[in-house]
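Because the structure is predicted, anything quoted here is derived from the model rather than measured. Quick note: numbers below take in every heavy atom, side chains included, and nothing from hydrogens, waters or symmetry partners.
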Amino acid sequence: MSTLPHHQVSERAYHLWQAEGCQPGDDLRYWLRAEAELRAEHSPAKAPVKTASPRKKAAAKPKSPPRKKGSATTSPASPT
């Protein structure tokens, strides 16, 4: 675990203290919170490890025969 620069932790703790109304008596809480936030920001993000998995081939669908033009089943036009 690397040491964070004192001035960075101090500045972050100060901003946290200001954001919560400058109430006295919680200096250690702000300091520890600032350290935790800075460590989280500077730690390398752990990306999920993906493992290669073989893909399953889908079963081939049978192809329907092509439709012929004009082969629709319609009744002949009635003479009028």
Side-chain angles (χ1 to χ4, degrees):
M1 188 181 301
S2 64
T3 304
L4 296 168
H6 183 272
H7 71 277
Q8 285 183 345
V9 180
S10 177
E11 186 175 325
R12 177 67 62 99
Y14 178 73
H15 289 293
L16 292 171
W17 175 70
Q18 280 186 321
E20 292 188 9
C22 303
Q23 297 296 317
D26 282 336
D27 53 337
L28 180 59
R29 181 173 64 90
Y30 291 118
W31 188 270
L32 295 175
R33 186 169 151 201
E35 282 184 330
E37 287 181 7
L38 288 168
R39 287 190 199 287
E41 289 175 9
H42 297 291
S43 67
K46 293 185 178 182
V49 177
K50 291 185 179 181
T51 57
S53 60
R55 290 185 171 205
K56 293 182 181 179
K57 290 186 177 181
K61 293 182 181 178
K63 292 184 179 181
S64 58
R67 292 185 177 197
K68 294 179 185 175
K69 290 185 180 180
S71 66
T73 56
T74 59
S75 58
S78 57
T80 53

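Taking the side-chain hydrogen bond (donor to acceptor under 3.5 Å, both in side chains) definition, one finds that Q8 meets it with nothing, sequence neighbours left out. The ring-ring contact (aromatic ring centres under 6.0 Å, His included) test applied to H7 returns no partner, not counting sequence neighbours.
Here the closest heavy-atom approach between residue Q23 and residue E20 is recorded as CG-O, 4.0 Å. Residue A34 comes nearest to A13 through the heavy atom pair CB-N, 3.5 Å, listed as atom of the first residue, atom of the second, then distance.
Hydrophobic cluster membership of L16, counting Ile, Leu, Val, Met, Phe, Trp and Tyr whose side-chain heavy atoms lie under 4.5 Å apart directly or via other members: Y14, W17, Y30.
Across E35, R33, E37, a single residue satisfies side chain to side chain contact (heavy atoms under 4.5 Å, CB included) together with V9, and that is E35.
Taken to the nearest 0.5 Å, the OG atom of S43 stands 10.0 Å off from the CZ atom of R39.
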